[in-house]
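All figures in this text were calculated on a predicted structure; none of them were measured in a lab.
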Amino acid sequence: MNESRNLKIYNTLSGKKEKFEPIVEGHVGMYVCGPTVYNDAHLGNCRTYVSFDIIHRYFIHLGYKVRYVRNITDVGHLTDDGEDRMAKGSKLAQLEPMEVAQKYTLGFHEMMRILNTLPPSIEPRATGHIPEQIEMVQQILDNGLAYESNGSVYFNVPKFVAEQPGVYGSVSGRVIDDLYAETRELKNQDEKAHPADFAIWMKARPQDLMVWNSPWSVGFPGWHLECSAMSTKYLGKTFDIHGGGNDLKFPHHENEVAQNHGACSCSPARVWMHTNMLLLNNKKMSKSDGNTISPSELFSGDSPHTSKAYSPMVVRFFMLMAHYRSTLDITDEALLAAEKGYKKLMETNELLQNLPVNPANFDGSENEHDRAILSMIDDAYQGMDDDFNTAMVIASLNEMGSYVHKLANQQLPADAIAPWVLDKMKATFNTFIFEILGLQNDADAAGNNQVVEGLMNLVLDMRSQARTQKDWATSDKIRDALAAIGIQVKDGKDGVSWSKQ
RNA sequence: GGUUUCCUGGCCGAGUGGUUAGGCACAGCUCUGCAAAAGCUGCUACAGCGGUUCGAAUCCGCUGGAAACCUCCA
């Protein structure tokens, strides 16, 4: 456990950054609302889960034992026409509902793997926790905070507000009176005692396919219940962190909190974290209104919004250049900038790891360069400690990168930096880039082929010979031919290197 | 209509009551057979108008603009 850290996290409940204090020393329990698997994962989902991946990774880095729970929603959400989403998708495709869920679950996992996110500790499915949800409905009924109406069960919001004041509205910052004033045309309004009430169990209609037996009717659980039931089951009644996208604050998270209170009179999570939206054309990306670019379109370049393909790691890096609580606008120009920045950082790290550490002629004193580098390392940690500010981390790494290049180019003598400081910088780079930011080096994957490596060495060796003989025609032909197939030759001071574009 | 958030240099994007974020682009230079690559240097902004303050881009107010939520959504 790294005792020196002073991690602060922005808590939606208080609207402030708070020092993180785990409930159980050395352990972190974190629940994040997962995807609904009735469609391909879209980039917005990816951003949220990349953001929480960083949080997950940093807790691990700090030495916490983390239980990270992220659910798969494979049932229970209604569409505008009142039909269960999963059922709708399955009817269109003539597939079993669970077949649809399985297909998109696998696709989601593949996308998470491509983006190099660590898997959660537990990934519970809503359909696998129907008994737990029924039990929770019963508890809420027993506590008098819900009522049955025509086979469905509704959460009694006004009663809850009266009995446990100050809770409802605390996540979304909504005022109760405003909520009550929003008398809209909603579904099943006639069954509800109050417009603000919401279903925790829905009686099925003939067209609903995914249904279960319950004490009240054959039906399915309410839209927010799964997270309440599953977080309680795996993390306890009160746990450290609950996260999700900004757009889930209301009604999803608000109702979730109400359900937990309604069941056990206790607050589910101490800290609520919300990630901000990914923007396209300066608007929220959204499946429903078509303002979207899919991950695969981004990776293949097959989109009207981009000029070329971007690798998953470039996309991940792009996301990390912004803070998770800020909106992030996707533009081709910004992606291009991220791609260059990513490649440069990777190359800088290669350069750094290959710098010789030479303690022999070091005089033992700590100089201004050492202090500057140590201060930058500290900045990187402070960035993470300040509500996971990855943008600050990247800035610090880039600043250190300037030193790396100066050393590599001998603009600074090799012994300008204390050996132990250089060692520490090497370790810091590796730790931050690969462990905490979770980046992978695309170049490793591309060049990790002995045949290619051998051929390139041969070709570049021939070019070097031609150059020694001032046979520019031959050397330029080799260079241009390689460029034509996307390989860039880089003539450096200490020899030739190459990279795939 | 209600609630909330945001408005930073050519672009993206951090941060802060007084001192260079960083990246990309651009310009100059170094290196180089030429080019590319790489490095160095430069480019110093904070929507507008008021107020608080010794001092505000940072706090407060107003105006303008944008977005999110209020309906499934990460």
Base, sugar-phosphate or nothing for [X]? Non-hydrogen atoms, less than 4.0 Å.
X: A/Asn282; answer: sugar-phosphate
X: A/His274; answer: nothing
X: A/Gly244; answer: sugar-phosphate
X: A/Glu339; answer: nothing
X: A/Val32; answer: nothing
X: A/Leu328; answer: sugar-phosphate
X: A/Asn389; answer: sugar-phosphate

Contacts of type salt bridge (charged side-chain N to carboxylate O under 4.0 Å, His left out), residue A/Arg113, not counting sequence neighbours: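 Residues passing salt bridge (charged side-chain N to carboxylate O under 4.0 Å, His left out) with A/Arg113: A/Glu110.
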Residue A/Arg463, side-chain atoms from C-beta onward, closest of B/rG39, B/rG33, B/rA36: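 Of B/rG39, B/rG33, B/rA36, B/rG33 is nearest to the side chain of A/Arg463.
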Side chain of A/Arg174 (C-beta onward), nearest among B/rC34, B/rG2, B/rA38: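 Nearest nucleotide to the side chain: B/rG2.
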Taking the [atom1] atom of each, how far is [N] from [M], in whole Å?
N: B/rA67; M: B/rG13; atom1: P; result: 15 Å
N: B/rC59; M: B/rG65; atom1: C1'; result: 22 Å
N: B/rG15; M: B/rC49; atom1: P; result: 25 Å
N: B/rU3; M: B/rC62; atom1: P; result: 13 Å
N: B/rC31; M: B/rC24; atom1: P; result: 23 Å
N: B/rU52; M: B/rU58; atom1: P; result: 15 Å
N: B/rC60; M: B/rU4; atom1: P; result: 14 Å
N: B/rG39; M: B/rA57; atom1: C1'; result: 33 Å

Apply side-chain hydrogen bond (donor to acceptor under 3.5 Å, both in side chains) to [X] and list each qualifying residue two or more places apart in sequence or on a separate chain.
X: A/Tyr234; value: A/His129
X: A/Lys340; value: none
X: A/Asn282; value: none

Contact pattern, 5' to 3', of nucleotides 22-32 of chain B - B, S or - by protein heavy atom under 4.0 Å: SSSS-------
Under 3.5 Å, is there a donor-acceptor pair between the [X] and [Y] side chains?
X: A/Asp332; Y: A/Ser307; value: yes
X: A/Thr127; Y: A/Arg125; value: no
X: A/Asn349; Y: A/Gln353; value: yes

Stems formed with participation of RNA chain B [Watson-Crick or G-U wobble, under 3.5 Å, three or more pairs]: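 So far as stems of 3 or more pairs are concerned, RNA chain B shows B:1-7 with B:64-70, B:10-12 with B:22-24, B:26-30 with B:38-42, B:47-51 with B:59-63.
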Value in whole Å for how far the [atom2] atom of [N] lies from [atom1] of [X]:
X: A/His252; N: B/rU71; atom1: NE2; atom2: P; answer: 15 Å
X: A/Leu320; N: B/rC12; atom1: CG; atom2: C1'; answer: 14 Å
X: A/Met277; N: B/rA68; atom1: CE; atom2: C1'; answer: 8 Å
X: A/Asp329; N: B/rU8; atom1: CG; atom2: P; answer: 12 Å
X: A/Asp177; N: B/rC70; atom1: CG; atom2: P; answer: 20 Å
X: A/Lys284; N: B/rA67; atom1: NZ; atom2: C1'; answer: 11 Å
X: A/Lys490; N: B/rA37; atom1: NZ; atom2: P; answer: 9 Å
X: A/Lys283; N: B/rC69; atom1: NZ; atom2: P; answer: 12 Å

Distance-only donor-acceptor test (3.5 Å): side chain A/Asp476, base B/rA35: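 No.
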Ring pair (Phe, Tyr, Trp, His ring centres under 6.0 Å) partners of A/Phe318, counting only residues at least two apart: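 Here no residue qualifies.
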Which residues share a ring pair (Phe, Tyr, Trp, His ring centres under 6.0 Å) with A/Phe198, sequence neighbours left out: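 A/Phe155, A/His224.
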Ring centroids of A/Trp472 and B/rG33 base under 5.5 Å with planes under 30°: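 Check passed, A/Trp472 stacks on base of B/rG33.
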Closest-nucleotide 5' rank along RNA chain B - winner of A/Arg479 and A/Gly34: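 That would be A/Arg479.
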Residue met sooner reading RNA chain B from 5', once A/Gly173 and A/Thr331 are mapped to nucleotides: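 Its nearest nucleotide lies further toward 5', so the answer is A/Gly173.
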Parallel, tilted or perpendicular: ring planes of A/Tyr381 versus A/Tyr58, cut at 30 and 60 degrees: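 Tilted: the ring planes of A/Tyr381 and A/Tyr58 meet at 30° to 60°.
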Just to confirm, is there a sub-4.0 Å distance from OP1 or OP2 of [N] to any side-chain nitrogen or oxygen of [X]?
X: A/Ser326; N: B/rA14; result: yes
X: A/Asn45; N: B/rA74; result: yes
X: A/Ser402; N: B/rG39; result: no

Passing option when A/His56 is tested against A/Tyr68, A/Phe388, A/Tyr49, A/Tyr31 for ring-ring contact (aromatic ring centres under 6.0 Å, His included):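 Single ring-ring contact (aromatic ring centres under 6.0 Å, His included) partner of A/His56 among A/Tyr68, A/Phe388, A/Tyr49, A/Tyr31: A/Tyr68.
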Side-chain donor-acceptor contacts of residues 392-402 of chain A below 3.5 Å, not counting sequence neighbours, with atom names and distances?
{"residue": "A/Ser396", "atom": "OG", "partner": "A/Met392", "partner atom": "O", "Å": "3.0"}
{"residue": "A/Asn398", "atom": "ND2", "partner": "A/Ile394", "partner atom": "O", "Å": "3.2"}

